[in-house]
Amino acid sequence: MTKLIDYKEYNGFDNMRIDSEILEKAIKTQEKEPILRFYGWTPACVSLGRNQSSEHINVEFCKQNNIDIVQRVTGGRGLLHDDEVTYSFVCPINFLDGGESITKSYKEISSAIIEGLKTLGIETQLGCKKQRSASFDYCMLLSTGADLCFGDKKLVGSAQYRTHGYILQHGAIVFSYDKYKIENIFNEKTDDNSITCINDINCNLTRRDIVEAVKKGFNTYFTSPYL
């Protein structure tokens with residue numbers, strides 16, 4: 001039986017700690033079924049990729065605006081977590097049909113999210129057609145094959161970490177983004193033609209709507225009932 005950890009908000013340090021603890025426990029107990037978790041961030045937080053430094057971040061601005069800065073266990077570039085639903089999915093590599101392949105595993109896990117968002121009338125696809133510049137430090141301004149796009153704009157950014165035969169994938173389903181904060185934190189312009197958010201698509205949707213829809217998507221795609 002797949003385990004569900006329902007939506008709850010924590011600060012950035014606790015969110016990263018909890019994800020890591022779930023992964024470590026799954027490895028220790030050799031958990032055979034996946035664990036799906038939903039969470040939010042209070043206060044807002046910048047997460048940096050596993051090997052990313054904070055030298056490009058306006059640390060003083062973050063301090064003045066009560067924005068935490070944490071390091072993720074997963075790779076990728078910096079991301080401001082504010083008005084969003086974040087998911088994390090931990091599973092054995094062999095739980096997925098293509099688990100040995102990073103590309104195929106992203107596709108399988110993201111396909112579950114695609115199925116869920118579709119129930120809300122949000123049609124997304126894996127990867128955007130337009131290539132985004134690799135020069136940006138802000139994650140949402142980049143588009144890779146691991147991202148979900150709506151109308152060729154990035155909506156969901158995900159990252160992955162693998163160790164001891166297990167996968168941790170987590171990602172941000174963005175409700176709204178604050179251009180002022182992003183541009184001041186990352187010292188770069190935000191391109192509205194590159195990113196979108198739930199509020200731009202349907203401003204009547206709530207976090208609970210997203211959580212329940214994505215949960216259904218995982219149930220449908222993996223045909224395994226969640227607690």
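A quick note: this is a predicted structure, and the numbers were derived from the prediction, not measured.
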Residues forming a salt bridge (charged side-chain N to carboxylate O under 4.0 Å, His left out) with [X], sequence neighbours excluded:
X	answer
Glu100	none
Lys118	Glu115
Asp178	none

Using every non-hydrogen atom in the two residues, find where [X] and [Y] come nearest and quote the distance to one decimal.
X	Y	result
Ser105	Leu96	CB-CD1, 3.7 Å
Glu84	Val174	CB-CA, 4.0 Å
Glu108	Gly98	OE2-N, 2.5 Å
Ile69	Cys45	N-SG, 4.4 Å
Val46	Cys62	CG2-SG, 4.3 Å
Asn66	Pro43	O-CB, 3.4 Å

Test of understanding: clusters of I, L, V, M, F, W, Y form through side-chain heavy atoms closer than 4.5 Å, transitively. Do [X] and [Y] belong to the same one?
X	Y	value
Ile210	Phe89	yes
Tyr39	Val214	no
Ile27	Met16	no

Please evaluate residues Phe61 and Ile67 with respect to the criterion side-chain contact (heavy atoms from CB on, under 4.5 Å), reporting the C-alpha separation (whole Å), side-chain torsions for both, the decisive distance (0.1 Å), and the verdict. CA-CA 8 Å; Phe61 179 86; Ile67 299 170; 4.3 Å; yes

Between the side chain of [X] and the main-chain N/O of [Y], is any donor-acceptor distance below 3.5 Å?
X	Y	value
Asn15	Gly40	yes
Arg37	Lys3	no
Asn219	Lys216	no

Does this structure show an ion pair linking Asp97 with Lys107, if we count only N-O contacts that are shorter than 4.0 Å?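 No salt bridge links Asp97 with Lys107.
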
Output the distance between atom [atom1] ([X]) and atom [atom2] ([Y]), rounded to the nearest 0.5 Å.
X	Y	atom1	atom2	value
Tyr166	Lys25	OH	NZ	12.5 Å
Ile198	Asp209	CD1	CG	10.0 Å
Leu23	Arg162	CG	CZ	12.0 Å
Trp41	Asp68	CH2	CG	9.5 Å
Glu183	Leu80	CD	CG	12.0 Å
Ser158	Leu148	OG	CG	6.0 Å

Is there a side-chain contact between [X] and [Y] (heavy atoms, below 4.5 Å)?
X	Y	value
Asp152	Asn193	no
His56	Phe186	yes
Arg50	Val73	yes
Ile22	Ile5	yes
Ser88	Leu168	yes
Tyr221	Ile113	no
Ile122	Leu205	yes

Report the C-alpha separation of Val70 and Arg72 in whole Å, then their side-chain angles, then the decisive distance to 0.1 Å, and conclude whether the side-chain contact (heavy atoms from CB on, under 4.5 Å) test is met. CA-CA 7 Å; Val70 299; Arg72 300 192 305 270; 5.5 Å; no

Using the rule given for side-chain contact (heavy atoms from CB on, under 4.5 Å), can you reason through Leu4 versus Lys215, listing the C-alpha separation, both sets of side-chain angles and the distance that settles it, and then say yes or no? CA-CA 9 Å; Leu4 170 70; Lys215 195 195 311 182; 3.6 Å; yes

Taking side chain to side chain contact (heavy atoms under 4.5 Å, CB included) as the definition, give me every residue that meets it alongside Glu24, ordered by chain and number, with sequence neighbours left out.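 With neighbours one apart ignored, the set is Ser20.
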
For Phe13, ring-ring contact (aromatic ring centres under 6.0 Å, His included) partners two or more places apart: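 Once residues adjacent in sequence are excluded, Phe13 has no partner under the ring-ring contact (aromatic ring centres under 6.0 Å, His included) criterion.
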
Check the pair Phe175, Val85 against side-chain contact (heavy atoms from CB on, under 4.5 Å), reporting the backbone distance first and the verdict last. CA-CA 7 Å; Phe175 264 77; Val85 169; 3.8 Å; yes

Name the one of Glu9, His81, Lys8 that satisfies side chain to side chain donor-acceptor pair (under 3.5 Å) with Thr42?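 Only one option passes, and that is Glu9.
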
For residues 167-176, which residue pairs qualify under side-chain hydrogen bond (donor to acceptor under 3.5 Å, both in side chains), counting only residues two or more places apart or in two chains? Asp19-His170, Thr74-His170, Asp83-Ser176, Tyr87-Gln169, Gln160-Gln169

